[in-house]
Amino acid sequence: MKPSIPKGTRDFSPQEMVKRNYIFDTIKRVFQRYGYLPIETPAMENLSTLMGKYGEEGDRLIFKILNNGNYFSNFKNDEHLSEVKNQGEKGFTQYISEKALRYDLTVPFARYVVQHQNEITFPFKRYQIQPVWRADRPQKGRYREFYQCDADVIGSNSLINEVELVQLIDDVFTKLNVPVLIKINNRKILSGIAEVIGEKEKITTITVAIDKLDKIGVDGVNKELQENGVSVVAIEKLQPLIRFQGSTSEKLNFLKKLLTTSEIGLNGVEEAECIFKGLAQIPDFKSQIELDITLARGLNYYTGAIFEVKATNGTLTSSICGGGRYDDLTGIFGLPNMSGVGISFGADRIYDVLNELNLFPESVSASTKVLFVTFGETEQNYCIPLLARVRKAEINSEIYPDATAKMKKQMSYADDKKIPFVVIVGGDEVQNGLLTLKNMASGSQDKKTIEDIIEILKNNH
RNA sequence: GUGGCCAUAGCUCAGUUGGUUAGAGCAUCGGUUUGUGGUACCGAGGGUCGUGGGUUCGAGCCCCAUUGGCCACCCCA
């Protein structure tokens, strides 16, 4: 049998894992710096928890888990079965599947909050770093299993949360040395726009279309709007808006005038203004920020501010971080009036960016600092207590396990694992207690006591 | 769900109008060296040419189907 793994999934080698952990550790440290605490939720959720939260397209992309046991036990009789068959794929699914792999971390978090509401002190700030699964067609920067790193605060309406999250994004990418553009918009502005052009019900169509502006251009957007039944008058009214260019404050002023008749729209503009005002006060803010009224984001549950982050260098054009405010995600689980806002880092895409731009620091590849090389069982036994002392000094160390292996083999092992030092222990060394410490980079070697070796290794970084 | 490109050793790829036993580099293992890696030299293992059918005296090469991968659309981290 030829070994293989499912489409869109990957194995990670030690070399890759060291780099991945560098990303996870960086993000985790920043999350903690801002007062977020970790939780974990199961890989699988009840299918009903997930369905309908991500839009129609989202439902299709949820990985369903087939029930165990007899799939037919849920059918009363043959007539019932054929009745369900006629409902098509969607109707049939609920009879043979009641669990699914999580699609993101936000909806399971909402479920968690409602389920544990009596144990939680609000506002609740949590972070969560776990894989999610999507039954998508894999392609560049898109996987079927990938890690999200989420930070959310729930139970607070304050816009300082939005400001802090953008600051957090800036912190993470500054630490990772990735130059980014953070795009900010507000769903209320989009609602307002739909309202003033007289197509309030077509808001989803409109936002999805103008989201593609930089991809398909003004004409493409207009064409798509027309094809989806948006009136010519409405499209005409939309033109000055999608063609508008200017600074953030110019955009805000323009929107204020345009949206005078829409309460919700003005509200959105106010919120955006407040967030940008807050951001302006942050010292040493490195990232580019932009108010982008064409930013829509697909996930249905966003109601206020929305964010999206893209790397400004490299060939990966898809977003590496995204988020926004959702006013009523917990409502469907029975806890209304609980507003939350959060962001999600796509660790795998960030990895691709760092890899392409060569931004991983050298130091992340080193793990073992010293390898003990021996010539036989006597020497190997002699090393056991020495190794214990080295490890007690918090120096990563190992001994070549096969005592009869040739020296060449043992040295190659050190070389292959990029271990910077080797301690050679043969008959001479055992006899006089002076060990040979070899620096693999320079090739030089000296006889040293174990105490000296520990000192040298401790001071070498 | 729609479309395009591709499939030869563990990896990256050669392979002539269809013609003997399908090659190279890298990687792996062994040796040159029984106390010295990364460089050098010598050698070895490793393939039903993705799978199934067809055309032909003869197929890695041509045709059909199928599976898998990559890329784009949709959508998204």
Interatomic distance where [atom1] belongs to [X] and [atom2] belongs to [N] [whole Å]:
{"X": "A:Tyr54", "N": "B:A77", "atom1": "OH", "atom2": "C1'", "answer": "13 Å"}
{"X": "A:Leu371", "N": "B:U36", "atom1": "CG", "atom2": "P", "answer": "16 Å"}
{"X": "A:Gln128", "N": "B:A77", "atom1": "CD", "atom2": "C1'", "answer": "15 Å"}
{"X": "A:Ile182", "N": "B:A77", "atom1": "CD1", "atom2": "P", "answer": "16 Å"}
{"X": "A:Glu308", "N": "B:A77", "atom1": "CD", "atom2": "C1'", "answer": "9 Å"}
{"X": "A:Asp416", "N": "B:G37", "atom1": "CG", "atom2": "C1'", "answer": "10 Å"}
{"X": "A:Lys406", "N": "B:G30", "atom1": "NZ", "atom2": "P", "answer": "8 Å"}

- Item | base_contact_polar (B:U36 base, A:Gln445 side chain, donor-acceptor, <3.5 Å) | yes
[N] to [M] separation - [atom1] atoms, rounded to the nearest Å:
{"N": "B:C73", "M": "B:U51", "atom1": "C1'", "result": "29 Å"}
{"N": "B:A72", "M": "B:A9", "atom1": "P", "result": "26 Å"}
{"N": "B:U32", "M": "B:C6", "atom1": "C1'", "result": "43 Å"}

Show me, pair by pair, the donor-acceptor contacts under 3.5 angstrom made by side chains of residues 379-387 of chain A, not counting sequence neighbours?
{"from": "A:Glu379", "atom 1": "OE1", "to": "A:Gly376", "atom 2": "N", "distance (Å)": "3.4"}
{"from": "A:Glu379", "atom 1": "OE2", "to": "A:Gly427", "atom 2": "N", "distance (Å)": "3.4"}
{"from": "A:Gln380", "atom 1": "NE2", "to": "A:Tyr400", "atom 2": "O", "distance (Å)": "3.1"}
{"from": "A:Gln380", "atom 1": "NE2", "to": "A:Pro401", "atom 2": "O", "distance (Å)": "3.0"}
{"from": "A:Asn381", "atom 1": "ND2", "to": "A:Glu377", "atom 2": "O", "distance (Å)": "3.3"}

- What pairs of residues pass the side chain to side chain donor-acceptor pair (under 3.5 Å) test when at least one of them lies in residues 41-51 of chain A, not counting sequence neighbours? A:Thr41-A:Gln128, A:Glu45-A:Arg111
- Partner set under salt bridge (Lys or Arg N to Asp or Glu O under 4.0 Å) for A:Asp171, not counting sequence neighbours: none
Can you list, pair by pair, the side-chain donor-acceptor contacts under 3.5 Å of residues 173-184 of chain A, counting residues two or more places apart and other chains?
{"from": "A:Thr174", "atom 1": "OG1", "to": "A:Asp170", "atom 2": "O", "distance (Å)": "2.6"}
{"from": "A:Lys183", "atom 1": "NZ", "to": "A:Asp292", "atom 2": "OD2", "distance (Å)": "3.2"}

With [X] via side chain to side chain contact (heavy atoms under 4.5 Å, CB included) - residues at least two apart:
{"X": "A:Met44", "value": "A:Ile65, A:Lys99"}
{"X": "A:Asp352", "value": "A:Tyr143"}
{"X": "A:Thr330", "value": "A:Ala110, A:Val113, A:Val114, A:Ile154, A:Leu335, A:Met338"}
{"X": "A:Glu98", "value": "A:Asn67"}

Enumerate all atom pairs, one protein N or O and one N or O from nucleotides 66-68 of chain B, separated by less than 3.5 Å.
none

Taking distance alone, no hydrogens or angles, what donor-acceptor pairs closer than 3.5 Å link side-chain atoms of residues 433-441 of chain A to residues at least two apart or in another chain?
{"from": "A:Thr436", "atom 1": "OG1", "to": "A:Glu429", "atom 2": "OE2", "distance (Å)": "2.6"}
{"from": "A:Asn439", "atom 1": "OD1", "to": "A:Ala441", "atom 2": "N", "distance (Å)": "2.9"}
{"from": "A:Asn439", "atom 1": "OD1", "to": "A:Ser442", "atom 2": "N", "distance (Å)": "3.2"}

- Message: Base, sugar-phosphate or nothing for A:Ile320? Non-hydrogen atoms, less than 4.0 Å.
- Response: sugar-phosphate
- Task: Just call it for A:Asp428: base, sugar-phosphate, or nothing, with non-hydrogen atoms closer than 4.0 Å on any strand.
- Result: base
- Message: When you compare the ring of A:Phe146 with the six-membered ring of B:A77's base, are the centres less than 5.5 Å apart and the planes under 30° from each other?
- Response: yes
- Sort by first number and list every stem of RNA chain B: at least 3 consecutive Watson-Crick or G-U wobble pairs, both distances under 3.5 Å. B:1-7 with B:67-73, B:10-13 with B:23-26, B:28-32 with B:40-44, B:50-54 with B:62-66
- Could you identify which residues of residues 137-145 of chain A place a heavy atom less than 4.0 Å from some atom of RNA chain B, listed by residue number, or say none? A:Arg137, A:Gln139, A:Lys140, A:Gly141, A:Arg142, A:Tyr143
